[in-house]
S.K.: 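Can you read through this structure? Questions will come right after.
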Amino acid sequence: MTQEVSILMVGINHKTANVDLREKLAFTGEQVKEFLIKNKNHEEFRELVLLSTCNRIELYAVCYHHDDSLVSKLIDLIWQFHHLEPLELTPHIYSEKGVAVLRHLIKVASGINSMVFGETEILKQCKLAYEASRDVGGVRVYLHELFQNAFRATKLIRSHQKFSAGHVSVSAVAVELALKIFGDLSERKVLILGAGVMGKSVLKHLKSNGLQKIYVSSRTLERAKNLANEYGGEFIDFCYWKDHIVDMDIIISSTDSSDWLLTKKEVKEKIIHHERSLFLIDMAMPRDFDPAINELDHVYLYNMDDLQTITQENIEQKQEEVNRLTMIIEEVCQDYQYQMDGSFIQETVIGFRNHFEAVRKEEVNKFFNKNYFNEIDQQKIDYLTQKIINVLLHHPVTKIKDLGKDPLNLEKIQTIRDLLQEKKETYHEK
Amino acid sequence: MIELDYLFLILGLLLYGFFGFRYFLNVSQSSVQLANRGIWFGFLFHGLAIIYRAYLDQALPFMHTYGILISFSWTMVLIGLLIAKNLKLRMISFLILFMSIILIVISFHMGKSKNPDLSGIEGVWVFAHVLFCFIGYAGLTLACLSCFIYLFQDWHLKQKSLSPLFKKFPDLNSLEVIHLKSILISIWCLAIGLLLGYYWSFHYLGHILLEDPKILTSMVTWISYVALFLLKKYQILRGRNYYFLNIILYMLIIFILVFLKHESKYQELML
């Protein structure tokens with residue numbers, strides 16, 4: 001990475017901030033455009049890309065100098081835009097610099113960092129954020145390279161055979177199972193028994209997957225009615241809920257009953273004319289449904305233990321996938337670093353030549369000012385000293401270029417740059 | 001020197017293999033669309049192979065086992081392509097393509113001498129008869145395949161173990177829908193095919209040989225499928241038992257098609 005260029009990002013996401021804070025900082029499509037136009041000619045940040053989704057707000061920037069306060073300046077841009085009072089943001093904000101920005105962006109664009117692991121929508125959102133900035137001239141060389149590398153890596157990750165969207169919460173697994181049984185949930189009917197937290201959580205997930213017909217039944221009348229109202233469902237008297245089994249596709253139970261609410265015999269009698277499959281989710285502890293129900297044809301019973309086992313398997317699978325994908329990400333980051341280091345080498349060589357040229361010019365001019373030589377002689381001496389410098393520098397320059405071919409030599413090149421800097425300072429002091 | 005129909009078939013096979021595998025690998029709409037395009041090209045070469053073989057033989061393409069296999073696999077690929085439009089069902093298309101590839105590979109080892117059972121057949125009626133029967137049998141193959149996948153998915157749901165393959169295959173409801181649709185289409189196509197066969201037999205041979213074991217069992221299996229469909233439709237038979245029965249019935253069809261021959265009286269009349 002060139003010494004003068006800083007690539008950095010700051011952001012908040014669903015892991016670091018609650019929805020209230022995210023809402024405060026969120027940008028609409030129009031606001032993104034407005035923000036980018038406003039900061040297009042920012043004196044420090046030469047390139048900017050703003051990614052604002054429901055789960056994250058991230059700002060990517062390029063600055064042509066190094067400064068420890070750059071991160072806080074970048075955060076200020078967001079606050080100032082929203083005309084908000086500066087809050088204590090530190091625990092919620094994360095930031096990255098240099099190659100770590102690319103590493104982070106790849107994880108975001110590929111869905112590794114998403115709430116639902118492996119989701120694909122985020123890639124589109126990243127592309128839109130990049131294009132929005134490019135359209136207003138907010139993307140030039142460095143962010144262009146950064147985003148293109150991230151998109152390339154995402155493509156590689158997506159082509160990875162085992163990279164799949166799996167679920168790592170009990171509620172999400174329950175919905176995944178419902179989708180595997182019924183396909184489309186929009187016409188399905190769900191009955192919630194009890195108004196427990198887990199039952200509500202599953203219901204919320206089911207609703208977000210298109211489920212419309214909701215029925216609630218609970219011993220506590222008020223809670224059941226409240227839940228029915230909250231999700232636009234209907235209330236069923238707890239004394240008669242068994243009469244409705246035949247009409248239901250999914251039954252979620254989270255009551256505190258100490259006996260079986262439903263036995264195998266009862267289900268068998270009820271579903272004798274049931275045309276479709278029946279999915280029973282028992283989230284109660286102790287359990288509400290007799291486990292033997294699962295033996296019945298086209299009836300699928302899952303309790304909390306079953307769902308948690310699947311969730312755990314998914315988490316382990318995902319961890320393995322993430323470990324495998326990390327290798328891909330690191331390869332892309334290494335390429336990117338090397339690509340960026342190409343300009344680092346070039347700059348070192350130019351700096352090297354410029355330094356010697358400056359010294360030569362200064363010394364020759366000092367000599368010429370004494371008027372020992374006429375104009376023609378001066379030209380000859382100028383040409384000769386130039387040639388000497390070129391010949392002298394030929395070998396060191398070739399050596400620097402050779403060193404640049406191996407990323408492991410970056411430290412050596414940095415030493416040369418430091419040495420050159422010291423020499424420059426010493427020379428000027430003299 | 002390699003024959004031109006073999007060349008077309010090999011091209012078709014390569015395209016089926018390469019693009020068919022994308023159904024297995026990718027989940028995005030765009031990659032499935034790309035795979036569909038590649039397979040349509042393969043399908044075109046496959047079709048050219050059948051036409052070229054018919055042109056060489058100066059006869060219908062079902063006169064020998066080689067012709068029957070490549071024509072039947074062509075019908076299967078057509079069905080696979082039609083259902084691949086639904087992204088959820090792409091894994092079924094993948095399996096259909098896989099089966100078609102096996103049939104084509106087997107066909108390379110089959111003879112091209114005319115089958116004595118079929119030596120006398122010609123004309124549009126018999127072409128239509130075979131075409132409808134092929135579509136019907138391809139539909140029944142799809143129905144049987146969906147039964148296998150349904151049982152596989154059902155087993156996973158009952159065992160509460162969600163393997164990666166389970167996640168790739170479609171949901172139970174989609175499988176049931178595709179199964180019933182393919183059975184219904186097959187019943188209609190086979191009905192038309194059988195009627196055309198009877199008409200042709202009556203027209204050319206003077207009477208229908210109902211006592212011929214192959215003709216008789218074909219009719220019996222058709223009636224069995226209709227009965228099975230109605231039992232399913234009216235929820236008299238359902239769940240795992242229904243799917244097991246369906247698989248057994250399909251096996252019976254395979255037995256009839258492969259091992260049962262027309263009786264000698266039929267062959268005499270044909271000659």
S.K.: Rounded to the nearest 0.5 Å, how far does CG of B:L157 lie from CG of A:L177?
M.R.: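 That separation rounds to 6.5 Å.
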S.K.: Pick out which of A:N294, A:D305, A:L307, A:T309 makes a side-chain contact (heavy atoms from CB on, under 4.5 Å) with B:K160.
M.R.: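 The option that passes is A:N294.
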S.K.: So, using side chain to side chain donor-acceptor pair (under 3.5 Å) as the criterion, who are the partners of B:S182 when residues are at least two apart?
M.R.: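 For B:S182 there are no side chain to side chain donor-acceptor pair (under 3.5 Å) partners, ignoring immediate neighbours.
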S.K.: Which bit of B:F169 is near chain A, if near means a heavy-atom gap under 4.5 Å: side chain, backbone, both or neither?
M.R.: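 Answer is backbone: N, CA, C or O of B:F169 sit under 4.5 Å from chain A.
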S.K.: Non-hydrogen contacts under 4.5 angstrom with chain A: give the residues of residues 131-153 of chain B involved, or none if there are none.
M.R.: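 So the qualifying residues are B:Y150, B:Q153.
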S.K.: Less than 4.0 angstrom from a charged side-chain N to a carboxylate O is my criterion; do A:K180 and B:D171 meet it?
M.R.: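 No, A:K180 and B:D171 are not salt-bridged.
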S.K.: Under 4.5 Å from any heavy atom of chain B, what part of A:D306 do you find: side chain, backbone, both or neither?
M.R.: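 Answer is side chain: those atoms of A:D306 sit under 4.5 Å from chain B.
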S.K.: If the condition is salt bridge (Lys or Arg N to Asp or Glu O under 4.0 Å), which residues does B:K232 pass it with, not counting sequence neighbours?
M.R.: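 In terms of salt bridge (Lys or Arg N to Asp or Glu O under 4.0 Å), with neighbours along the sequence ignored, B:K232 is linked to B:E176.
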S.K.: With a 4.5 angstrom heavy-atom cut-off, could you sort out which part of A:L179 is near chain B: side chain, backbone, both or neither?
M.R.: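 When you check distances to chain B, only backbone atoms of A:L179 fall under 4.5 Å.
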S.K.: To the nearest 0.5 Å, how far apart are NZ in B:K167 and CD in A:E176?
M.R.: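 Spacing of NZ (B:K167) from CD (A:E176) equals 5.0 Å.
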S.K.: Would a 4.5 Å heavy-atom cut-off, applied to side chains only, mark A:Y300 and B:D154 as touching?
M.R.: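 A:Y300 vs B:D154: side chains touch.
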S.K.: Check whether more than 12 heavy atoms from other residues, nucleotides or ligands sit under 6.0 Å from atom NZ of B:K181, and answer yes or no.
M.R.: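 Result for NZ/B:K181: open.
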S.K.: Give a yes or no on whether B:W188 atom CH2 has more than 12 heavy-atom contacts from other residues, nucleotides or ligands under 6.0 Å away.
M.R.: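 Counting neighbours around CH2 of B:W188, 12 or fewer heavy atoms of other residues, nucleotides or ligands fall under 6.0 Å, so no.
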S.K.: Within a 6.0 Å radius of atom CZ on B:F41, are there more than 12 heavy atoms belonging to other residues, nucleotides or ligands?
M.R.: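 Open.
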S.K.: State which residues pass salt bridge (Lys or Arg N to Asp or Glu O under 4.0 Å) with A:E266; sequence neighbours excluded, sorted by chain then number.
M.R.: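 Here the qualifying residues are A:K242.
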S.K.: To the nearest 0.5 Å, how far apart are CD1 in A:I310 and CG in B:L162?
M.R.: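 CG of B:L162 is found 4.0 Å from CD1 of A:I310.
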S.K.: What distance do A:D184 atom CG and B:N173 atom CG have between them, rounded to the nearest 0.5 Å?
M.R.: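 The distance works out to 8.5 Å.
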